[in-house]
Student: 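I'd like to ask you about the structure that follows.
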Amino acid sequence: MPSSPELPPSTPLPLASPTKSPRVARLRPVIAIDGPAGAGKSTLAAHLARRFGFLNLETGAMYRALALKAIESDLDFDEEAPLLALTHQTTIALEPHRDGNRVLLDKVDVSRRIREPDVTAAASRISIHSHLRAWMVAQQRALGQAGGVVMEGRDIGTEVFPDAEVKIFLDAAPEVRGSRRFQQNSIVPITTAPPDAQTEAAILRDLQERDARDRNRADSPLRPAPDANIIDSTSLTLEQVLARSEEIVRTHLPL
Ligand code: DC
């Protein structure tokens, strides 16, 4: 499986403006998948990538990787300037694989570590900072500029690729997302989280806190792009979500 190009910190960022879409003609389309935490975006993105032969890029993993470095550097997540300085000494690479991304932070595989609760909380907090987001957006545009990618996150259809050929916004009621996360965690327990942080109520509380940060931040708040196809999976099975999404992709792309 091809790996995505790694961008060293000295590489000039390909686009000056984080709010404009790149004007480079793409060889292949971009499928943008956005939505709140726990909606099932990663499962959907991995499925569509396999189905249509695209690369799957999880942008949340990039925020998580930088958050991990901020933890290791003992930085304050609310202070943007030191976090931004950190980006200049950081390389993050995503290697798309069949079931998800291998994530390299400064060439070290952190794929598992970034899923732990301290990193999840830190990623949510650092992602409100505008300049830091601009750095992420520029890297994500560079990764997806040739197209042929399913890119998943919160702002792909609105900011990273507002000209994406296909946009899906996957949503579900918070209680349903919390309950699904709880089921997942009971199959693969998070050993580093204390038991009282793993109850269904605690998971729902945590999810709603991150939702509020995603939806209310000043820069690129989580919202569907005007031309996004919205799927509310509250009362849908996984199979129904996948079938509906495939149908949307086929409608928009000459596959
Ligand atoms: O999708 P995720 O849970 O792995 O994302 C981790 C955090 O990164 C999440 O709290 C919101 C943030 N994020 C973002 O702000 N924009 C993106 N495109 C992807 C993730």
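Just so you know, ligand 1 is whichever comes first in the structure, and atom 1 is the first atom listed for that ligand. These values consider heavy atoms only, across backbone and side chains, with no hydrogens, waters or symmetry-generated copies.
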Student: According to side-chain contact (heavy atoms from CB on, under 4.5 Å), who are the partners of L253, at least two apart in sequence or on a separate chain?
Tutor: P29, I31, F54, E165, V166, V249, L255
Student: When you check the gap from the basic side-chain N to the acidic O, do D78 and R125 get nearer than 4.0 Å?
Tutor: yes
Student: Please name all residues satisfying salt bridge (Lys or Arg N to Asp or Glu O under 4.0 Å) with D232, sequence neighbours left out, ordered by chain then number.
Tutor: none
Student: Looking at N56, is its backbone amide N or carbonyl O close enough to the side chain of E152 to form a donor-acceptor pair, meaning the two atoms are under 3.5 Å apart?
Tutor: no
Student: Under a 4.0 Å heavy-atom cut-off, which residues neighbour ligand 1?
Tutor: T59, G60, Y63, R64, R115, A123, S124, S127, R133, G153, R154, D155, R210, D214, R217
Student: Salt-bridge test for R250 and E247: reply yes if a basic N is under 4.0 Å from a carboxylate O, no otherwise.
Tutor: no
Student: State which residues pass salt bridge (Lys or Arg N to Asp or Glu O under 4.0 Å) with R217; sequence neighbours excluded, sorted by chain then number.
Tutor: D214
